Every structure is written in structure tokens, then in C-alpha cells.
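One structure coming up, written as C-alpha cells, with questions to follow.
Just the heavy atoms: all of them, side chains too, but no hydrogens, waters or symmetry mates, feed the values below. Bear in mind that the values here come from a model prediction, so they are computed numbers and not experimental data.
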Amino acid sequence: MPRTTAAPAPPEPGASLSHGLKQRHLSMIALGGVIGAGLFVGSGAGIAAAGPSIVLAYTLSGLLVMLVMRMLGEMSAAYPSSGSFSAHAERAIGPWAGFTAGWSFWVLLCTAVGLEGIGAAKIVTGWLPGTPEWAWVALFMVVFCATNLAAVKNFGEFEFWFAALKVGAISLFLVLGVLAIAGVLPGTDSPGASHLGDLLPNGSEGLVIGILASVFAYGGLETVTIAAAESEDPVRGVATAVRTAMWRIALFYIGSMAVIVTLVPWDSEAVTAKGPYVAALDSLGIPGAGQLMNVVVLVALLSAMNANIYGSSRIAYSLVQRGQGPKALGRVSGGVPRVAVLVSSVFGFACVVLSYWRPNDVFSWLLNMIGAVILVVWIFIAVSQLRLRRQLEREAPEKLTVRMWAFPALTWVALAGMAGIFVLMAREADTRVQLYSTGVMTVVLAAVGYAWQRRRAAS
């Protein structure tokens, strides 16, 4: 492919989208967005595989995520865009890169909407046995589709209160856990370090599985840079979110993993059967605490559904505005790309239908295809930042309100970390299929994007 210069990407008509997100919305989305459904739902399998070393796994993957968010923040503060990393990739590498990153992420978000709906429905049917799961998924889908079809401030308000509840719940969990570990929580005895005896109970293989589980639990942090484009002050919003990412990841992810493996034996059946947070609270003997945490998990899943419908619609809108998708998806009314919202929601519900209709072939294939998309996106972010940073230093240094640490050394360290994760995925049978499936989808999208780029250049 011919080398492209870091030229400005085709501009998005920013006036078409509203700027209805207030700073309080963006601040809480940034704070609560780090507390994803993957943390509550997916961490149990990681703990069961890695044991106490899950804390090390989350620390290593958390450091990588911090670097990625810093790189993305640098570019998004300089070039706010609803296309986020997709627009940055187009500007830095070429239209084919923006096409590939954008549409692969759209497929990931839409599929995630369906998965989160299924997870939320399972919790509700546990409380209301006999009610059909698909009906609950449909209800959730209608509610959040309607929310996103209305003004963007409605999305902001939903996420504000969802995030506030998640932050409050996990903060209370951490306080109770630390008090119990210290032996000062009434009615509980401190377990001390009795559950931390063997750091690597399943050897290095267990740690590898824990690292892979933790990497994908961090997915979704990119939404704040998409939302920033519709805020009152995009540059300030991105800068604030990125600068506080380090302590948020350390406190909410790494801190909660440390509390869980200290309070509960890592090999307890409750960790995978009930979920690690519910198991930890049940071990403290607090009446109703486990069910309360199930409510929080439900909120986290619904929050993720809402955010992913929003994110997928804005990514699609940005791609169309840059001439990389069906024009109908770019239609805006009332400051909202309503056709993109509807199409993204329908795609998500189609995934739910497939999970019931063809769970062992089509749906399984779809899940494998999106398995490593987040890593592909991170690679585009790192390569884009390497190129755009030099352009910014030459042409517009005043736009560098957020700077990547120790550039370019840490960018290369991040790329090496991503390559290492690809190697780890290739070693494990379960993740190897995901790696290859995502690779095929990425190559196909890149080929289509490059053909489109050549055709546009020739016209």
C-alpha cells in the first residue's frame, strides 16, 4: 500500500450533531465508564484460572490500557471527533485504516449490545422465573433505542445516573472489603493472608488466561472520546477523562480484584456460580448484599447497552460523513443520527435472535469474529499516535493539551504489549479461534477499504 502523509481527514459536519452533553455528563461517563459489565461478569473466570495472580494480570493489562487511553486522549483532544480512533486512523494512516477500524468496532459494539441484553435478561428471569428472556431483551432494546433516538442529553442523563450508582456501589464494596480484611467490620473475622498462599496455583498458564480475561474486561473505555465530540467543551472533557484514567483503573479494577481474592478462596465454586462480587459480599454475612450486587450488575449491563448503542451509531455516522458507508446512516434529525441508532439496535437484536436460533454455528462464529477486535483497534490507535504526534509537533503544537508519556518509547512499549497478547492468544485453543476469526474479518475490511480508497483517488 502506498505510504500516506498525515493529512487532515475529511471534516465531519459537526453542526449536524448536537452538543447536548454537559461537563457533568462527560465526567461521570468517564468515571463510571471504567466500571464495565466485563468487570462484574467476566472476572470470575479469570480468578478461577489465575487465582491470586489475577491481581498481577489486571495490573499488567491495566498498564497497557492506561497507555492506550493516553494515546487516544492526545489525539482526541487535538482533533475531537465522533469517529474517535477511526477518524484519527484515517488522518494518520489513510482512509482504508479508518474504514477498517471503524466498521470492525461497529460490529463489536452492536454484537455487545445483544450480549449485554441477554446477560441482563438472565438476571431478571432469575427474579421472575417463567418470563421469557427474549421479551426482556426486546424491552431493554426498545427503551435504550428510544433513549438514543431522542436528544443526546437523554443518553447523558441515563449514563450519569447509571455511572453514579456503579461508582457508589463499587466504592462501598471496596470500603466494606478493606474493613473486613483489617478485622474491624462488626460480625466478621479477618481472613488475613490465608487465601493468598499460592500466587500461581495453576502456573503460568493460569496467569496467561487471567491476562487475556482482564484485557477484554477493559473494553469500552473508548466511548468517552466518542461522547466528547458532543459535549460543551470536547478538549477539556477528553483531557479530564484521560488524566484521571490511571487512578480509576487502579482503584476500581485492581483494587477490587485484590479485595475479592483476599476475602474469598480463589477456587470457591461461588466465585464462578454467583460471581466474584456477590461471593465476596456473601462471605461477609451482610443480609441481602449478594442480591444488591446483582442489581448493580444489572445496572452495569444496561449501562453498557445504552453506551454501545450510542457509540455504534456515532461511529457509523462518522464513517458515512467521511464517505465510508451508506449515506442513509448519516441522516441527522434533531441533532441525532436516528437511522444509525435504529440500524445499530436492529443489528444488536438480530444477534440475540441468532443466540436462540443458531447458537452453535452462526452465533458462535460471530462471537469468535469479534474476539480480538479491541486489540486491532488499539494497534490502530498506537500507530496513528506515532504519526500524528510528529505532525502536531511540527504544525500545531498548541493542540497538544494532552501528551503521551515518554513519547515515542512508551508507544512502542504498548505496541510490543499488544503483540505479546496476540502471541498468548495464539497459544490458547479457545482464544486462537477468536484471533484467527478476527484476523480474517480485519483483512477483508482492509481489502474493501483499500479498494474503496483507490477508487476514490482515481475518480
Side-chain angles (χ1 to χ4, degrees), residues 24-47 50 52-70 72-73 112 116 119 159-181 210-211 213-225 227 240-264 271 275-281 284 289 292-304 306-308 374:
R24 69 179 179 88
H25 293 149
L26 206 61
S27 296
M28 191 56 78
I29 289 170
L31 186 61
V34 77
I35 308 171
L39 176 63
F40 292 117
V41 179
S43 53
I47 293 172
S53 69
I54 193 67
V55 178
L56 176 59
Y58 269 86
T59 301
L60 292 173
S61 55
L63 289 172
L64 176 59
V65 172
M66 289 175 194
L67 297 179
V68 171
M69 284 301 295
R70 190 75 184 187
L72 183 56
E116 287 142 2
E159 282 305 293
F160 179 87
W161 293 109
F162 278 154
L165 194 152
K166 289 188 292 182
V167 170
I170 202 165
S171 297
L172 180 60
F173 171 82
L174 290 169
V175 169
L176 292 175
V178 170
L179 291 176
I181 292 168
I211 289 173
S214 62
V215 164
F216 300 112
Y218 285 112
L221 297 181
E222 305 81 5
T223 301
V224 70
T225 61
T240 301
V242 170
R243 285 170 180 154
T244 59
M246 183 174 292
W247 72 261
R248 288 183 282 122
I249 288 173
L251 179 65
F252 294 139
Y253 276 84
I254 302 170
S256 60
M257 287 301 106
V259 166
I260 289 168
V261 294
T262 304
L263 289 177
V264 185
V271 170
Y277 289 84
V278 174
L281 286 174
L284 301 181
L292 181 60
M293 185 53 70
N294 274 331
V295 173
V296 176
V297 174
L298 175 63
V299 168
L301 287 164
L302 296 179
S303 172
N306 189 35
N308 287 340
I374 197 66

Could you check if a side-chain atom of F252 sits within less than 4.5 angstrom of a side-chain atom of V167, using non-hydrogen atoms only? yes

With a 4.5 Å cut-off on side-chain heavy atoms, are Y253 and S61 touching? no

Is S171 reaching over with its side chain to a backbone N or O of G168, donor-acceptor style, under 3.5 angstrom? no

Restricting to non-hydrogen atoms, name the atom on V296 and the atom on A169 that form the minimum distance, rounded to 0.1 Å. CG2-CB, 3.5 Å

Might you point out which heavy atoms bring G119 and L301 nearest each other, and give the distance in Å? C-CD1, 3.6 Å

Determine yes or no for a side-chain-to-main-chain donor-acceptor pair under 3.5 angstrom, with Y58 supplying the side chain and I249 the backbone. no

Taking all heavy atoms of T262 and all of A258, pick out the closest pair and write down the distance. OG1-O, 2.6 Å

Residue set satisfying ring-ring contact (aromatic ring centres under 6.0 Å, His included) with Y277, at least two apart, ordered chain then number -> F40, F173

I need the minimum non-hydrogen distance between I47 and P276, along with the two atoms involved. CD1-CB, 3.7 Å

So which heavy atom on V264 is nearest to which on A280, and how close? CG2-CA, 3.4 Å

Atom pair CD1/CD1 of I54 and I254 - distance to nearest 0.5 Å: 11.0 Å

Distance in Å, L174 CG paired with I260 CD1, rounded so as to fall on 0.5 Å steps: 9.0 Å

Less than 4.5 Å apart, any side-chain heavy atom of L179 and any of V175? yes

Working to the nearest 0.5 angstrom, can you tell me the gap between M293 CE and L172 CG? 8.0 Å

From I170 CD1 over to L165 CG, what is the distance, rounded to the nearest 0.5 angstrom? 11.5 Å

When every non-hydrogen atom of S303 is compared with those of K166, the smallest separation belongs to OG-NZ, 3.3 Å

In the structure I gave you, are the side-chain heavy atoms of L298 and L302 within less than 4.5 Å of one another anywhere? yes

